[in-house]
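Here is the structure we will look at.
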Amino acid sequence: MNYILFDDEVRGNLLPFTYTRPIAEIRIGILTIREKWEKMLGEETSSKTEEYLQIKFPLKQTEDNVWIAGSVCPDDVLLEEIKALQNEQALFSGEKLVAFINSEFNLEAVNNFSRIESKASLFLIENPWDIFAKNGEAMQLDYDLLTKGRQSEQISSTNKLIAQENIFIEKGAKIECAILNASSGPIYIAKDAEVMEGSIVRGPFSLGEHSTLKLGAKIYGPTTVGPHSKVGGEVNNSVIMGYSNKGHDGFLGNSVLGEWCNIGADSNNSNLKNNYANVKLWNYGAGRFVNTGLTFCGLMMGDHSKCGINTMFNTGTVVGVNANIFGTGFPRNFVPSFSWGGASGFAEYKMKDAIEVAKRVFERRSLVFDKVEEDILLHVFEQTQQYRK
């Protein structure tokens with residue numbers, strides 16, 4: 001069978017992260033949703049997503065296609081149910097369409113398919129704050145999946161280890177003079193990652209390939225640092241998807257950073273309102289601020305966005321794609337994509353300048369910012385003009 005992860009009805013709620021990726025490319029836990037499915041299926045998958053993203057994330061379609069909602073994370077029960085599906089059968093969890101088999105992607109046709117009710121406890125990503133709020137559960141599942149039947153690399157005796165049986169180090173990782181406490185959740189250090197001296201980590205925590213925890217970093221789980229990232233200062237219950245830097249002192253809490261972001265030195269975000277009320281967050285799908293139901297909620301920052309030194313983010317701030325934030329005071333708690341400025345006001349970040357910065361950032365990682373990447377940003381620029389007026 002050919003497995004395809006499709007963007008479902010929650011895509012709008014997951015903006016700004018889904019402006020630049022299919023839902024299945026969101027990282028939660030150690031792996032992206034796609035990587036979870038591919039590990040469990042033992043097969044490659046592709047995506048059914050927005051047309052402007054489809055070139056970067058190509059759809060591979062055959063006559064025997066299993067369409068799976070990209071917002072759903074797999075488990076053993078769900079996997080068996082999907083593998084048992086026949087042509088023109090659809091798997092539901094309540095009103096949620098989980099998967100169906102058909103040669104074409106046709107949601108109207110699904111109404112006429114044989115309906116099967118899932119017995120799995122569905123693990124869904126429906127809102128941006130789910131990414132950090134459900135990160136601990138996702139990390140334990142990923143840790144079990146990645147380490148089952150395997151042996152961790154030896155850890156240097158210069159480190160202080162607590163609950164070492166819950167710590168897994170891949171080949172090529174470097175850790176010296178750090179404190180790793182996995183008594184409250186697992187710690188996973190990917191290959192060629194580095195934990196520098198003086199770092200203090202309380203799990204659950206994962207550090208992606210070629211990423212670095214800088215000297216004296218203080219990490220509270222559940223926190224994920226994706227690949228090719230640098231992190232310093234204090235981080236609590238946050239997800240950094242990859243290729244992003246928070247390299248200096250400052251606090252990041254209950255937050256999500258996309259890819260290619262940079263947080264300036266001594267920048268901080270608030271994750272708790274002074275009156276301890278539930279945090280409201282801008283929701284693109286609803287076109288308004290919505291109640292998260294959470295007391296703790298920090299910063300949601302889309303791909304390619306950056307902030308200068310000493311930036312202060314208020315509780316429940318959403319920053320779109322390719323924003324550049326600087327200056328004193330708190331910027332507003334919804335910063336549209338391609339905005340340039342801060343608390344004193346914003347101007348439009350010119351597309352030409354944004355592309356030049358993106359090219360330089362890619363070059364620093366020995367990557368090429370090509371026309372495919374440029375066209376995606378151009379589409380997002382045009383699509384988000386309404387928010388900059």
Side-chain angles (χ1 to χ4, degrees), residues 7-19 21 23-24 26-29 32-33 36 69-73 75 78 92-98 118 120-142 184-185 202-205 220-224 234-241 251-258 268-302 312-320 330-336 387:
D7 284 358
D8 56 16
E9 72 282 354
V10 302
R11 179 182 178 270
N13 289 340
L14 290 166
L15 297 171
F17 303 113
T18 47
Y19 272 135
R21 60 175 59 76
I23 296 173
I26 288 174
R27 186 177 303 279
I28 177 171
T32 65
I33 297 173
K36 299 177 202 298
S71 60
V72 178
C73 296
D75 64 20
L78 190 58
F92 281 82
S93 179
E95 296 304 310
K96 176 73 175 184
L97 174 62
V98 177
S118 174
S121 298
L122 217 58
F123 192 136
L124 281 171
I125 308 303
E126 300 177 284
N127 301 288
W129 59 85
D130 290 340
I131 300 170
F132 72 79
K134 297 182 178 182
N135 195 44
E137 182 181 354
M139 197 175 301
Q140 183 67 64
L141 293 170
D142 287 351
S184 54
R202 177 187 287 264
F205 173 69
Y220 301 82
T223 288
T224 294
E234 183 180 2
V235 181
N236 175 44
N237 187 198
S238 295
V239 174
I240 299 172
M241 292 195 190
F251 175 71
L252 183 73
N254 303 98
S255 298
V256 181
L257 304 184
N268 296 278
N269 79 272
S270 168
N271 62 344
L272 175 67
K273 294 173 70 70
N274 287 349
N275 61 1
Y276 297 86
N278 285 350
V279 179
K280 292 184 177 180
L281 203 69
W282 174 260
N283 181 281
Y284 288 87
R288 58 182 174 82
F289 288 88
V290 299
N291 191 337
T292 64
L294 300 175
T295 307
F296 290 91
C297 185
L299 170 66
M300 307 288 120
M301 179 178 276
M312 299 187 300
F313 290 105
N314 223 323
T315 319
T317 294
V318 174
V319 176
F330 288 95
R332 56 188 176 181
N333 53 1
F334 169 48
V335 179
Y387 302 112

**Report entry** Sole candidate of Ile28, Asp75, Val72 that passes side chain to side chain contact (heavy atoms under 4.5 Å, CB included) when paired with Lys36
**Finding:** Ile28
**Report entry** Counterpart residues, ring pair (Phe, Tyr, Trp, His ring centres under 6.0 Å), relative to Tyr19 (two or more places apart)
**Finding:** Tyr284
Report task. Please list, chain by chain and in numerical order, all residues satisfying ring pair (Phe, Tyr, Trp, His ring centres under 6.0 Å) with Phe330, sequence neighbours excluded. Result -> none
Could you work out, with side chain to side chain contact (heavy atoms under 4.5 Å, CB included) as the rule, every residue matching [X], not counting sequence neighbours?
| X | value |
| --- | --- |
| Thr18 | Arg11, Leu14, Leu15, Ile23, Ile26 |
| Phe296 | Asn254, Asn271, Leu272 |
| Asn333 | Phe289, Thr317 |
| Asn274 | none |

Are any side-chain N or O atoms of [X] and backbone N or O atoms of [Y], one a donor and one an acceptor, separated by less than 3.5 Å?
| X | Y | result |
| --- | --- | --- |
| Ser184 | Gly203 | yes |
| Asn135 | Gly29 | yes |
| Ser238 | Thr223 | no |
| Ser255 | Leu299 | yes |

Partners meeting side-chain hydrogen bond (donor to acceptor under 3.5 Å, both in side chains) with [X] (sequence neighbours left out):
| X | value |
| --- | --- |
| Ser71 | Asp8, Lys96 |
| Asn13 | Asn283 |
| Arg202 | none |
| Ser118 | Glu81 |

Using 0.5 Å steps for rounding, measure from the [atom1] atom of [X] to the [atom2] atom of [Y].
| X | Y | atom1 | atom2 | answer |
| --- | --- | --- | --- | --- |
| Asn275 | Thr315 | CG | OG1 | 9.0 Å |
| Met241 | Thr224 | CE | OG1 | 10.0 Å |
| Arg27 | Leu257 | CZ | CG | 13.0 Å |
| Leu252 | Ile240 | CG | CD1 | 5.5 Å |

Query raised in the report: Less than 4.5 Å apart, any side-chain heavy atom of Val256 and any of Met300?
Result: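 Val256 vs Met300: side chains touch.
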Query raised in the report: Phe17 versus Ile131: any side-chain heavy-atom pair under 4.5 Å?
Result: yes
Query - Qualifying salt bridge (Lys or Arg N to Asp or Glu O under 4.0 Å) pairs with a residue from residues 123-139, counting only residues at least two apart or across chains - result: none
